[in-house]
Amino acid sequence: MEILKEEATESNGKRKLEEESDALQLSKQEGEGHLSGLPPSGKWDDNQIVNGSVIVPVVEPKLRYITLKTGLCYDVRMRYHAKIFTSYFEYIDPHPEDPRRIYRIYKILAENGLITDPTLSGIDQIGDYMLKIPVREATAEEILLVHSEEHLKFIESTSSMSRERLLEETEKGDSVYFNHDSLLSAKLSCGGAIEACKAVVEGRVKNALAVVRPPGHHAEPDSPGGFCLFSNVAVAAKNILRNYPESVRKIVVLDWDVHHGNGTQKAFWEDPRVLYISLHRYEQGKYYPGTKAGGADQCGENEGLGKNINIPWPVGGMNDADYLYAFRKVVMPVCREYAPDLLIISSGFDAAEGDIIGGCHISPAGYSQMTHMLKSLARGNVCVVLEGGYNLDSIANSALSVTKVLLGESPEEPKVTVPSAHAIEVIDDVIKIQSQYWKTLQPAYTGICFTNPSIMGNYSLLVNPATEKKVLSDLAVNPRLCDAVRNSQAQYLSSKFGFINLPVVSGKGLTSPSLDNQVLSTKDIFQANTIIIVIHDPSDVWARQDPRSGLLDLSGSMIVDTSSKFVEWAVNLKYGVIDINVPLTLTGKDDETYNNVTASQELLLYIWDNYIQYFPVTKIALVGFGDAYNGVIHLCGHREVRSIVKASINFLDRTPLRAIVSSIDESVTDWFYKNSLVFTSTRHPCWGEQGTSEMKRPRKKYGRVLKADIDGLPNIVDERFEETTDFILDSIEEYEDESSN
Ligand SMILES: [Zn+2]
């Protein structure tokens with residue numbers, strides 16, 4: 001008791017000091033009086049506070065958020081729009097944009113007690129947590145803020161079309177269908193999105209969920225498409241901006257539907273008041289909607305330049321970790337800088353686990369995390385509007401998770417936390433492109449950036465227009481860093497091991513300095529009995545980058561020379577060595593006609609025809625790295641090498657596999673399989689998707705393909721170095737045994 005009392009006294013003493021410093025002008029005597037009046041427990045009881053002098057009167061809390069409900073838009077009439085059945089097959093296997101989609105979301109909210117509507121008929125009083133927002137039809141005036149009159153007239157005309165005409169229009173449209181209620185459902189869907197946003201902006205609800213269909217983000221100003229008739233979110237955003245010019249000046253539309261929202265992008269292409277951000281499967285424009293509009297380089301135009309951000313996934317299978325990585329690196333910093341007054345989520349759930357069309361793996365936890373982050377923007381003014389999503393269970397579970405977070409629940413924890421290499425690469429490219437427009441995305445690339453052509457829309461080389469001309473001309477004449485690296489490699493091999501230059505006469509008259517020192521060899525190569533031929537891409541450079549300027553800090557950077565390990569190993573065993581470097585690009589004008597894969601093939605044939613066949617060599621091992629490995633495959637298929645080549649080792653990382661196609665005879669495939677090892681990254685696409693039914697095993701025509709446990713060429717070589725050198729030694733010795741017998 002004594003100890004307790006002392007602690008209590010001390011803590012009250014501290015409180016007293018704070019009160020004094022807060023200029024509450026509590027006199028010393030009064031303070032001491034309080035202290036001496038403390039009960040033995042060290043706590044005040046309620047009576048004493050009531051009887052004492054009032055210091056802080058009872059205050060009505062200014063908590064806008066927790067006192068408001070979450071809005072909900074739902075109307076059974078949006079289920080009337082449906083595909084007209086023309087066969088029994090359509091009846092048992094309905095169109096994916098199925099009227100039950102909104103019903104199932106509404107139902108799961110009721111099943112979990114977030115709303116009360118026992119008959120699920122869409123009543124007005126839905127309980128303590130959510131507030132029903134009445135849905136109405138969008139007016140022509142509202143729709144025309146985004147769509148053309150022709151477009152509106154066409155959709156209107158569907159309500160009185162003959163059945164044959166409806167089927168005809170369904171047939172010729174871009175993934176859309178019509179019946180006599182399509183117009184009503186589409187107007188309600190659009191009106192629902194508007195009303196949900198309005199309720200948020202007017203502060204009647206803390207945030208809102210619009211469970212609407214048909215979806216909207218593929219509908220372009222002039223045409224319906226991709227199950228979408230009116231561009232619901234775009235119409236809502238334009239109307240909010242027009243009707244609330246004081247309170248809403250900037251809106252972010254975040255589109256996490258698995259498809260690119262081409263319609264929304266188009267509606268705000270030149271409008272800086274709306275920042276459109278889309279995360280979607282892209283696959284070089286092959287994935288629906290199948291154009292380059294979803295490319296990372298599509299940034300808006302004129303006033304809207306820099307207010308369009310595409311995050312295009314090059315493959316399917318993306319998961320929570322990939323999306324959260326994109327949020328952390330791009331979405332959140334950019335939204336923070338933009339500081340929107342309203343945030344609308346174009347919420348397709350077709351990237352959800354279980355959706356066959358989307359083929360991605362976002363879990364309900366992933367959606368809840370993304371919602372949680374977005375809720376921290378725009379002072380919580382968030383409106384979630386349903387877009388696509390075709391697995392009824394997946395969309396219901398995903399929508400439930402999103403709604404719980406809207407209500408105020410904490411987000412769930414995702415199971416996967418490490419982003420894929422694809423995500424890291426894409427985000428890096430997106431940052432390079434968008435750092436031109438957003439100060440929060442560093443480093444800012446003010447000059448030039450090489451980008452990954454697989455995710456780009458129209459340009460593979462993105463240049464700041466102001467410096468474009470200079471940069472291109474500089475690039476044409478200035479030596480590239482890879483040339484300097486090769487020259488230093490040559491110098492090292494020559495001074496340490498006495499390597500010499502094997503002259504190559506280019507049949508195409510190429511004179512680029514990138515081709516200097518292309519083929520080097522030990523000086524006794526003309527007499528060597530055993531030769532190891534190493535053919536590789538240029539060395540990598542591990543570089544430290546200035547985080548603000550993007551320039552390389554050369555003193556903190558180093559050459560990562562993967563192939564030299566084999567060169568040194570072979571030299572130490574007194575074998576002859578030929579080291580061939582195949583540049584990826586050439587300095588100077590020669591680059592226009594240059595292709596590194598073709599070059600690797602031509603070069604190895606050249607070495608074979610002009611050197612090897614005149615040498616007394618009896619045993620050769622070929623070691624190929626990266627793209628240059630194509631030279632090895634090509635040589636084995638186009639020259640009779642089997643009597644001399646004893647082993648072929650190839651390190652691919654993620655270079656595509658190449659089948660051996662023989663111009664000599666079919667048995668080359670068997671020979672190659674027996675005498676080759678081909679190591680790939682653990683992430684090489686030839687293995688299919690890990691842990692799924694899509695796991696694959698490469699065919700025999702690719703040689704003996706082995707999966708390393710790791711990703712990255714230097715790592716694979718490190719992991720497999722002993723195994724491969726043993727393989728080479730065994731192959732050579734086996735031959736020696738045979739010949740001595
Ligand atoms: Zn979609």
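In listed order, ligands and their atoms are each counted from 1. These numbers come from a predicted model, not from an experiment.
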Would you say His259 has an N, O or S atom lying under 2.8 Å from the Zn ion (ligand 1)?
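His259 does place an N, O or S atom closer than 2.8 Å to the Zn ion (ligand 1).
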Report yes or no: does Asp257 have an N/O/S atom closer than 2.8 Å to the Zn ion (ligand 1)?
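Yes, within the cut-off.
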Does any N or O in the side chain of Gln436 come within less than 3.5 Å of the main-chain N or O of Ile433, such that one atom is a donor and the other an acceptor?
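Yes: the side chain of Gln436 pairs with the backbone of Ile433.
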So, applying side-chain contact (heavy atoms from CB on, under 4.5 Å) with Gln265, which one of Ile309, Asn308, Val253 is it?
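Between Gln265 and the candidates, side-chain contact (heavy atoms from CB on, under 4.5 Å) is satisfied uniquely by Asn308.
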Which pairs count as ring pair (Phe, Tyr, Trp, His ring centres under 6.0 Å) when at least one residue sits in residues 394-435, sequence neighbours excluded?
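Applying ring pair (Phe, Tyr, Trp, His ring centres under 6.0 Å) to every pair that reaches into residues 394-435, excluding sequence neighbours, yields nothing.
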What is the name of the N/O/S atom in Asp350 that sits closest to the Zn ion (ligand 1)?
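The closest N, O or S atom of Asp350 to the Zn ion (ligand 1) is OD2.
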Given Tyr177, Phe178, Phe230, the one that forms ring-ring contact (aromatic ring centres under 6.0 Å, His included) with His81
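When ring-ring contact (aromatic ring centres under 6.0 Å, His included) is applied between His81 and each of Tyr177, Phe178, Phe230, only Tyr177 qualifies.
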